[in-house]
Each structure stands twice: as structure tokens, then as C-alpha cells.
Protein chains: 2
Amino acid sequence: MVRINRKLEYALMVLKYMSAKAPSELTTAKEVADFIKGPFDTIAKVMQQMVHSELLRSEQGVQGGYFLATNLNKLNLFKLNEVVSGPMELVKCFDEDHHCELSSHCNIQSPLVTLNRKLIDFFQELSISELLRIKSPLSAKSQSVKKEVAG
Amino acid sequence: MVRINRKLEYALMVLKYMSAKAPSELTTAKEVADFIKGPFDTIAKVMQQMVHSELLRSEQGVQGGYFLATNLNKLNLFKLNEVVSGPMELVKCFDEDHHCELSSHCNIQSPLVTLNRKLIDFFQELSISELLRIKSPLSAKSQSVKKEVAG
DNA sequence: GTTAAATACGACATATTTTGTCGTATTTTC
DNA sequence: GAAAATACGACAAAATATGTCGTATTTAAC
Ligand code: FES
Ligand code: FES
């Protein structure tokens, strides 16, 4: 099976939620959790992971929170998935720590390499701002630049 | 996470293995299991599922086995995944029996619909014969037709 | 300086999904 | 009738995903 998981959804929800605010405004994990009626702890951890990979930045203490620290035009779904799930191959066989026990007699290795590559490309080409239809100041700017180049 | 699972791999292995034979020759589950050094029962069940969806046909009894019953040019990865995993949405939220408890407050529903659609398209456009680089008589024929149309 | 609200983070617990095994029945050839 | 194969449901085990808890730290407000 091939499915999108919750943590990736939470990450998308967080970005969607935060991108509706002014860039300087802080957002707390509680705020998001309340808004989407989801589990605070899990969502908070996702946001912390996003800080690690510098998608967000955080301020601690009372009145602390998170704010966007990246251009969502340059962020893609592949990257975002890595942020929440850690780096991993999309075809299990090729994952470092997985070690596929069939690999020595496998008759579809090269097809799987191809598939792995195609999946990576697919997710890399999916920009978050496009997917979430975000029109931030930055986003709008980049879009128009893109248009000029394209047209 | 977003990953290809074993059953789909087994199905691909089976098709790869069988497509190397003459169309009339039978292949047993044991034969495939021995060849790839995989678990007989699981592989057998995958082949049985393929019979249900008429990708293969079977003959019972001693000297029984399976043979290809479909044009692999017309088979795509989406369909093959459905055959081994049953019909299901690629974004869990939209799955009939899953019922996403966040859906009433979800702020990314429309993006998820888009993503779901794109994933389906991606897998539907991946033809099995192309992926496995199969050059069966049928396959070769269709390929040349395709070329003529394209060129 | 104490309290409250927030992030930070690891360890654990639970739930779900995936993967494999077993038992048993049926079909067919020898 | 025995052997080799498919057929299939129920179960078991393993892996993964998801959520919870405990505790520490930071900072603003009082
Ligand atoms: S099944 Fe893992 S490498 Fe082919
Ligand atoms: S999280 Fe399920 S519909 Fe949005």
C-alpha cells in the first residue's frame, strides 16, 4: 500500500494554519491542536521536528510559539515528508536500515530503482505552496516571477 | 510514510517471472517462491488474488499452475496495487471504512483531494510492461502501434 | 522569586497494518 | 489411493504508526 500518514497531514495543517497569519505572528501548538481538534502532544512534536529542519523557528516561555522560517514555494512534499518521518527510501528494499532479505534473488531490482526514482520525483515536484494554495507575500512574489519567466 | 509493500513486490516478481516464459507454459507458486527464495504461502495467495481479478488464470491438480491472462501493456500499477491490497484511497481520510475523525475541522481537505487525485494519476500512468521492461509478443506489438501513433 | 504558559524531548503504550503461517478442503494426474 | 497442485479462511507474529506521559527548560507576568 501507498498512503499518506497523519504526521504529514499535521505538518500540512500547521503550515496551512500558520500561513494565514502575518509572518511575525506566533502560533502555539495548543492553538493548532484546538483548531483542528487533534492531539496536542503529537502535533507539538511535529512542530518541533519542523523547527529542527528549520521550516519553523520557535520562541520559548510564556507567549512563546512558532513562526514560519522558510519559503513555502521552495518546500516540496518530499522534503516535508522527510522532516516528519525522517529520511527514507520510498521503496523499502533500498532503505539503509531495512536490508531486504530478498535482494540477492530479486528479479525486479532495476524496476524498483526506477519506481523509487519516479516516486521521489513526483513528491519533489509537488510544492507545498501550490498544494495548499497559499498566497503569502513571498509566495505571490515568487509566483509572479515564475510567470514572467514562463510567459 | 509512503511506501511500496511486499505484496505488490511479489505481484511484480510473479509477472516478471511469468512473462519470461512462453504464454502457454504454466508456472506454479512453488516455482516462484523457490526462485526468489520467498515465503510460499504469501506468494501463493498473491497469485490467487491475481486470479480473482483475472490477471492470471489457474489450473488445479498435479501439473497445475498459473498462466498470464492479461495484456501487461494495459495493466498499470494502480490496478495491480488494488488487486493485491483491495480498493482503497491513497489518502486515508477519504477511505470509506476509515472515516477520518478530523474531517469536520480539517483545514486541508481540498489539498488532500488534489493529492489523492495526483497519486492515483501517477500510479495509473505507470504501465507494468514499461516498468518491468517486458517485451512479450503482445507487448512488442502494442509498443510499435504506440510508436506509430506517437511518431 | 513564584507561578503559569509555553517549548523540548525521551520513553513508553496502544492501535493499526503488514506479513507470514497453519489447517483443511478440493482438484487432478499418475 | 497417493501426490502435487490450487483455494481459502483463521490465526499469529512482526513492524509501523499514533498517541500519551513524565519531566525539564525557558520566559513573561505578577
Ligand atoms: S524485493 Fe527487495 S530488492 Fe527486490
Ligand atoms: S485530516 Fe482527514 S480529512 Fe483532513
Side-chain angles (χ1 to χ4, degrees), chain A residues 1-11 13-14 25-34 36-53 56-67 69 81 84-86 88-90 92-93 95 97-102, chain B residues 1-11 13-14 25-34 36-53 56-67 69 81 84-86 88-90 92-93 95 97-102:
Chain A
M1 202 186 345
V2 182
R3 281 187 161 183
I4 301 303
N5 69 8
R6 262 289 192 254
K7 288 206 289 185
L8 184 52
E9 289 180 342
Y10 290 145
M13 290 174 183
V14 164
E25 256 189 288
L26 292 184
T27 301
T28 68
K30 181 166 189 312
E31 198 181 331
V32 177
D34 283 350
I36 67 180
K37 260 78 183 167
F40 168 80
D41 296 272
T42 305
I43 293 168
K45 243 182 249 176
V46 166
M47 293 176 89
Q48 282 157 29
Q49 287 178 292
M50 290 199 265
V51 171
H52 290 153
S53 13
L56 307 180
R57 257 180 286 169
S58 68
E59 285 181 11
Q60 291 195 332
V62 177
Q63 302 195 0
Y66 302 88
F67 60 99
N81 182 60
V84 298
S85 301
M88 51 175 48
E89 299 293 336
L90 301 183
K92 279 189 204 166
C93 296
D95 209 294
D97 22 303
H98 196 266
H99 187 61
C100 171
E101 68 276 20
L102 299 183
Chain B
M1 200 186 345
V2 181
R3 280 187 161 183
I4 301 304
N5 69 5
R6 263 287 193 256
K7 288 207 289 185
L8 185 51
E9 288 180 343
Y10 290 146
M13 290 175 184
V14 164
E25 256 190 289
L26 292 184
T27 302
T28 68
K30 183 167 189 309
E31 197 181 331
V32 177
D34 285 350
I36 67 180
K37 260 82 183 167
F40 169 80
D41 294 272
T42 305
I43 292 167
K45 244 181 250 178
V46 167
M47 294 176 88
Q48 282 158 29
Q49 287 177 291
M50 291 199 264
V51 171
H52 290 152
S53 13
L56 307 181
R57 258 180 284 169
S58 68
E59 285 181 11
Q60 290 194 331
V62 178
Q63 301 196 358
Y66 301 87
F67 60 98
N81 182 60
V84 298
S85 301
M88 51 175 49
E89 299 295 335
L90 301 184
K92 280 189 203 164
C93 296
D95 210 293
D97 21 304
H98 197 267
H99 187 63
C100 170
E101 69 275 19
L102 300 184

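In what follows, every chain begins at residue 1, and chains take the letters A, B, ... in the order their sequences are listed.
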May I have the distance from [X] (atom [atom1]) to [N] (atom [atom2]), rounded to whole angstrom?
X: A/Gln48; N: C/dA6; atom1: CD; atom2: C1'; answer: 11 Å
X: A/Asp41; N: C/dA13; atom1: CG; atom2: C1'; answer: 13 Å
X: A/Ile4; N: C/dT17; atom1: CD1; atom2: P; answer: 15 Å
X: A/Leu8; N: D/dT16; atom1: CG; atom2: P; answer: 18 Å
X: B/Ile43; N: D/dT6; atom1: CD1; atom2: P; answer: 12 Å
X: A/Ile36; N: D/dG19; atom1: CD1; atom2: P; answer: 10 Å
X: B/Tyr66; N: D/dA4; atom1: OH; atom2: P; answer: 17 Å
X: A/Asn5; N: D/dT18; atom1: CG; atom2: C1'; answer: 9 Å

Comparing nearest nucleotides in DNA chain D, the 5'-proximal residue of the pair B/Met47, B/Glu101 is B/Met47

Specify the residue among B/Val62 and B/Gly65 whose closest nucleotide of DNA chain D lies further upstream toward the 5′ end. B/Val62

Once you apply a heavy-atom cut-off of 4.0 Å, does A/Thr42 come out as touching a base, just sugar-phosphate, or nothing? base

Have a look at B/Ala44 and say if it touches a base, only the backbone sugar-phosphate, or nothing, with a 4.0 Å heavy-atom cut-off. nothing

Is any side-chain heavy atom of [X] closer than 4.5 Å to a side-chain heavy atom of [Y]?
X: B/Ser85; Y: B/Gln49; answer: no
X: B/Arg3; Y: A/Asp95; answer: yes
X: A/Leu26; Y: A/Gln63; answer: no

Does [X] place a side-chain N or O at less than 4.0 Å from the phosphate oxygens OP1/OP2 of [N]?
X: A/Lys92; N: C/dT19; value: yes
X: A/Ser58; N: C/dA8; value: yes
X: B/Tyr10; N: C/dG20; value: yes
X: A/Gln63; N: D/dA29; value: yes
X: A/His52; N: C/dC9; value: yes

Could you state the interatomic distance from CD1 (B/Ile36) to CD1 (B/Ile43), rounded to the nearest 0.5 Å? 3.5 Å

Does A/Lys45 get its side chain close enough to the base of D/dT18, under 3.5 Å, for a donor-acceptor pair? no

Between [options], spot the one nearest the side chain of [X], thanks.
X: A/His98; options: C/dT28, D/dT16, C/dA8; answer: D/dT16
X: B/Lys30; options: D/dA5, D/dT6, C/dT21; answer: D/dA5
X: A/Arg6; options: D/dT18, D/dT20, C/dT21; answer: D/dT18

For A/Ala44 and A/Tyr66, the nearest pair of non-hydrogen atoms, with its separation, is O-OH, 4.1 Å

Taking for A/Glu59 and for B/Lys7 the nucleotide of DNA chain C with the nearest heavy atom, the one nearer the 5' end belongs to A/Glu59

B/Asp41/B/Lys45 ion pair, N-O < 4.0 Å: no

